[in-house]
Amino acid sequence: MRVRSLFFAAYRDLAGRGELDVELPPGATVSDLVAVVRRSAERLAGLPAQPVVAVNQEYAGYEQHLRDGDEVAFIPPVAGG
Amino acid sequence: MRVRSLFFAAYRDLAGRGELDVELPPGATVSDLVAVVRRSAERLAGLPAQPVVAVNQEYAGYEQHLRDGDEVAFIPPVAGG
Amino acid sequence: MYVQITSDPIQVSEVLASVGSSADGAILLFTGIVRNHSEGQPVTAVQYEAYRGMAEQVLREIAQEASERLGTDRLAVVHRVGDLAVGDVSVAIAVSSPHRAESFAACRYVIEEIKVRLPVWKRERFVGGEARWAPGRALAPSPAAGV
Amino acid sequence: MYVQITSDPIQVSEVLASVGSSADGAILLFTGIVRNHSEGQPVTAVQYEAYRGMAEQVLREIAQEASERLGTDRLAVVHRVGDLAVGDVSVAIAVSSPHRAESFAACRYVIEEIKVRLPVWKRERFVGGEARWAPGRALAPSPAAGV
């Protein structure tokens with residue numbers, strides 16, 4: 001299956017890109033995705049070991065299983081207001 | 001000496017008047033004034049035994065000594081805001 | 001710092017505009033409004049009476065104390081007296097500060113102190129024409145003990 | 001209830017006017033403003049970036065939760081994104097309720113939750129042209145534990 005990773009703000013600067021499509025085996029979790037993303041490029045290894053993520057625009061835990069077409073956002077510490 | 005008593009809101013309705021000039025012996029305190037005022041007319045006996053008072057526009061204790069020309073306001077429970 | 005007791009309608013936008021600065025990240029505005037009910041009974045209008053000179057002095061003291069909590073002197077408070085209709089603004093408080101915590105603390109302080117210290121009274125008029133002085137709050141410190 | 005993420009300047013008077021009713025005795029307005037300083041350094045401008053779709057959804061959730069504290073649905077919150085200058089309004093929150101305690105609690109709740117949950121980021125530009133992402137707040141619950 002394929003999921004789309006999104007990088008915002010400081011993470012986008014770090015990644016050098018705002019999006020990354022990732023191929024994952026069926027049954028993969030958020031945890032698996034984060035590991036794959038961090039290994040996929042040298043600059044992406046600079047992401048925190050456990051960044052906050054949102055799956056399809058909802059904050060998600062690392063055990064959550066992903067599905068084909070999911071949108072997984074890597075959320076840096078927020079600074080709104 | 002002579003002091004001026006002021007009655008506001010519910011106390012004015014009770015007193016049937018907004019002001020009352022009172023003659024007091026030298027050295028009289030707020031406590032003395034309140035006693036004299038409460039005795040001075042039947043309707044004024046309806047005032048609380050110890051109403052909050054302000055002397056010359058500052059909240060005052062009952063032991064405070066009064067001086068000729070002082071303005072003593074009888075302050076009902078407040079309801080601003 | 002701007003403090004006023006007035007019988008004119010309160011211009012909320014002016015009160016708000018009187019605070020703020022380029023150093024401030026937070027502005028807070030509180031307005032008290034004449035409600036159409038009081039303790040379950042429908043209210044048609046109210047009348048605020050003040051011990052005018054003292055009320056101005058007490059309001060200034062409250063503003064001064066709040067300003068210390070605020071950390072700035074960018075604070076405005078206006079209390080209206082006289083005849084008000086439902087929906088009219090009876091009090092407006094505006095504050096600004098670099099960070100929000102101070103604005104919330106100072107704004108709340110002003111309205112809470114007004115409720116217990118300001119020599120102002122409210123006469124509520126009910127449907128049918130009956131009117132009565134709103135049950136107020138006695139000052140916390142006992143006068144016998146010396147306020 | 002009115003909730004919006006917008007790149008247009010925030011019309012504070014409209015946000016304020018969207019709350020209030022004849023049953024309400026208290027109206028509270030909070031505005032967040034771009035300060036000219038951040039942690040001791042002079043700031044010239046900021047840029048807010050949002051994960052737009054999610055931010056609107058989270059802001060709606062926050063407003064809903066606050067509305068329960070408020071006891072009314074008379075709540076409006078608007079957050080701006082894009083390029084802002086010093087003095088510009090970044091966020092406006094207006095609430096109204098019969099009594100003031102609920103307004104203070106709900107208004108404070110909205111801004112505190114925005115600060116920890118809303119997927120929005122701020123890039124600060126300093127005198128001399130240097131810019132950096134403002135140090136933000138990591139979400140409190142550990143993602144490993146399942147948010």
Side-chain angles (χ1 to χ4, degrees), chain B residues 3-22 24 27-38 43-44 46-67 69-81, chain C residues 5 30-35 38-39 46-62 77-81 84 89-93 108 110-124 131-147:
Chain B
V3 305
R4 170 156 293 188
S5 300
L6 302 180
F7 306 110
F8 291 96
Y11 291 173
R12 188 187 52 241
D13 291 354
L14 189 75
R17 60 202 301 171
E19 297 181 11
L20 179 69
D21 286 340
V22 180
L24 292 170
T29 62
V30 167
S31 185
D32 298 327
L33 171 71
V34 171
V36 170
V37 166
R38 294 184 79 247
R43 9 192 344 170
L44 286 168
L47 286 171
Q50 296 194 319
V52 171
V53 299
V55 176
N56 300 329
Q57 309 194 351
E58 288 201 16
Y59 289 114
Y62 270 43
E63 291 79 22
Q64 183 168 326
H65 289 274
L66 296 172
R67 287 186 296 194
D70 277 352
E71 178 180 285
V72 182
F74 287 62
I75 311 276
V78 300
Chain C
I5 306 279
F30 173 85
T31 57
I33 313 286
V34 177
R35 276 195 308 267
S38 174
E39 300 181 352
V46 304
Q47 183 184 35
Y48 280 97
E49 172 180 335
Y51 181 11
R52 191 83 175 241
M54 181 173 171
E56 274 169 9
Q57 185 176 306
V58 170
L59 199 52
R60 212 172 299 119
E61 288 166 11
I62 292 170
V77 51
V78 181
H79 198 299
R80 192 167 166 202
V81 293
L84 279 75
V89 176
S90 56
V91 59
I93 303 163
R108 188 72 189 260
V110 173
I111 185 62
E112 296 303 327
E113 291 299 308
I114 283 174
K115 295 274 179 184
V116 295
R117 284 163 64 184
L118 195 69
V120 167
W121 302 275
K122 178 166 61 172
R123 191 167 174 80
E124 295 170 324
R132 69 146 198 251
W133 293 103
R137 288 167 78 163
L139 284 162
S142 155
V147 177

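Reminder, nothing fancy here: chain letters follow the sequence lines and each chain counts from 1.
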Which portion of C:Ile111 sits near chain B, non-hydrogen atoms under 4.5 angstrom
side chain
Is chain B contacted by the side chain of C:Arg132, its backbone, both, or neither, given a heavy-atom distance below 4.5 Å?
neither
Chain B heavy atoms under 4.5 Å from C:Ala55: which part of the residue, side chain, backbone, both or neither?
neither
Greatest number of non-hydrogen atom pairs under 4.5 angstrom with chain B, of C:Gln47, C:Lys122, C:Glu49, falls to C:Glu49
Report which part of C:Val120 has an atom under 4.5 Å of a heavy atom belonging to chain B: side chain, backbone, both, or neither.
both
Least distance between heavy atoms, B:Asp32 atom then B:Gly27 atom:
OD2-O, 4.5 Å
Only one of B:Tyr59, B:Tyr11, B:Phe7, B:Phe8 clears ring-ring contact (aromatic ring centres under 6.0 Å, His included) with B:Phe74; which?
B:Phe7
To the closest 0.5 Å, what do you measure between CD (B:Gln64) and CG (B:Leu33)?
11.5 Å
To the nearest 0.5 Å, tell me how far C:Leu118 CG sits from C:Tyr48 OH.
10.5 Å
Would you say C:Glu124 and C:Ser38 are linked by a side-chain donor-acceptor pair, where the criterion is simply a distance under 3.5 Å?
yes
Region of C:Tyr51 in contact with chain B, defined by heavy-atom distances below 4.5 Å:
both
